[in-house]
Amino acid sequence: MAAGRKTFIVEHLDEELGPWSELEYAAIAKETRDTRGRFILSSLPPTFQVPAALSRNGAFTAERRGVEELYATDKSRVCLLDPSASEDLSPEDGDKFDVFLFGGILGDDPPRDRTSELREKGFEGRRLGPKQMTTDTAVRVTRMVVQDKIALDKVPYVDFPELKFNDHESTEMPFRYVTDQAGQPIMPAGMKELIQKDADKAVDDLF
């Protein structure tokens, strides 16, 4: 069942798309296309405008329906990435599941716990570890584990990296990131520039 290409679904649940989320989604779409997978934004409201960077990506689908409707008849195919799950994601889950689901939006205020809503719908859950990740990082880690068969504790991470813009400006990111071969946090193209441009805003305002 799960031997084919993987599908990664983010439930968006917002009328608009903030600049932070747009960069994250573009990164997810590109990496998913490069690894022959599919990326779906689900539960999109009718007013949602799909950015050009996503609409041009052949791996991306904008979906008005929620995941409950999309997989109503076969929930066993779907793995919910859930911080409260009792079991960590493992390479073997790539053989069990072919759809990986990410609920809610980082930066929601007040937070809407979409993950708990989806848990109650009966989707089986797995954890990605104790630290909060950005959405693109969570998808990247999931893909590395289930497609590349890298154990969760073998993924190279950095927690709360400091971004230095110049000798006088820097900011600490309150998330866990995957690192590249040089040990630097992997972020979407344009993200560092967005953070520097909006350095006077709280990180939550960028979503």
Side-chain angles (χ1 to χ4, degrees), residues 1-12 21-43 53-63 67 70-71 74-106 114-115 118-119 123-159 161 175-189 191:
M1 173 188 67
R5 65 179 183 165
K6 303 303 182 190
T7 297
F8 303 93
I9 301 178
V10 175
E11 290 259 296
H12 182 71
S21 295
E22 182 171 346
L23 292 179
E24 287 194 333
Y25 292 166
I28 295 169
K30 180 183 183 302
E31 292 182 20
T32 305
R33 181 192 61 205
D34 291 348
T35 53
R36 301 180 181 275
R38 297 170 62 212
F39 172 40
I40 298 173
L41 282 183
S42 58
S43 294
L54 289 177
S55 61
R56 291 194 301 263
N57 186 299
F60 173 75
T61 301
E63 180 60 70
V67 69
L70 290 171
Y71 292 95
D74 197 3
K75 290 181 180 176
S76 65
R77 295 174 58 200
V78 181
C79 176
L80 172 65
L81 282 304
D82 180 359
S84 298
S86 59
E87 193 174 331
D88 286 340
L89 188 72
S90 72
E92 290 74 28
D93 288 319
D95 301 320
K96 180 173 183 179
F97 303 105
D98 52 19
V99 181
F100 296 87
L101 172 61
F102 306 81
I105 314 165
L106 288 172
R114 179 58 172 156
T115 303
L118 293 167
R119 187 187 312 130
F123 293 106
E124 190 170 345
R126 294 288 188 273
R127 286 185 310 180
L128 287 177
K131 298 287 197 301
Q132 186 178 17
M133 300 176 182
T134 60
T135 305
D136 63 301
T137 301
V139 175
R140 185 174 298 114
V141 170
T142 300
R143 187 178 57 251
M144 291 173 73
V145 173
V146 301
Q147 288 189 189
D148 299 340
K149 305 298 185 183
I150 299 172
L152 192 61
D153 62 355
K154 301 299 183 186
V155 175
Y157 297 118
V158 60
D159 294 333
F175 305 111
R176 166 171 282 187
Y177 291 90
V178 177
T179 55
D180 61 18
Q181 291 181 331
Q184 297 301 306
I186 298 175
M187 294 184 177
M191 182 62 77

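Not measured: the values here are computed from a predicted model.
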query: Considering only heavy atoms from C-beta outward, does the side chain of L128 approach that of L152 to under 4.5 Å?
result: yes
message: Any non-hydrogen side-chain atom of Y157 less than 4.5 Å from a side-chain atom of K131?
response: no
field: E63/T61 under side chain to side chain donor-acceptor pair (under 3.5 Å): CA gap, chis, key distance, verdict
entry: CA-CA 6 Å; E63 180 60 70; T61 301; over 6 Å; no
task: Taking all heavy atoms of I186 and all of D136, pick out the closest pair and write down the distance.
output: O-OD2, 4.4 Å
message: Checking side-chain polar atoms at under 3.5 Å, does D74 have a donor or acceptor matched by the opposite partner on S76?
response: yes
Check against side-chain contact (heavy atoms from CB on, under 4.5 Å), C79 and T142: CA-CA 10 Å; C79 176; T142 300; over 6 Å; no
query: If only atom types and distance count, is the side chain of K6 paired as donor or acceptor with the main-chain N or O of R143 below 3.5 Å?
result: no
- request: For the pair K149 (side chain) and P91 (backbone), establish whether a donor and an acceptor sit closer than 3.5 Å, ignoring hydrogens and angles.
  value: yes
message: Counting C-beta onward and ignoring hydrogens, is there a side-chain heavy-atom pair between Y71 and L101 closer than 4.5 Å?
response: no
- prompt: What's the verdict on side-chain contact (heavy atoms from CB on, under 4.5 Å) for D82 and F123, showing C-alpha distance, side-chain angles and the deciding distance?
  reply: CA-CA 10 Å; D82 180 359; F123 293 106; over 6 Å; no
- prompt: Does A29 offer a backbone N or O that forms a donor-acceptor pair with the side chain of N57 under 3.5 Å?
  reply: yes
task: Report the C-alpha separation of F175 and Q132 in whole Å, then their side-chain angles, then the decisive distance to 0.1 Å, and conclude whether the side-chain contact (heavy atoms from CB on, under 4.5 Å) test is met.
output: CA-CA 5 Å; F175 305 111; Q132 186 178 17; 3.9 Å; yes
field: Side chains of F60 and L41 in contact at under 4.5 Å (non-hydrogen atoms)
entry: yes
- prompt: E124 and side-chain hydrogen bond (donor to acceptor under 3.5 Å, both in side chains): which partner among K75, R119, R77, K96?
  reply: K96
- prompt: For V10 and F39, what are the C-alpha separation, side-chain angles and deciding distance, and is it a side-chain contact (heavy atoms from CB on, under 4.5 Å)?
  reply: CA-CA 8 Å; V10 175; F39 172 40; 3.8 Å; yes
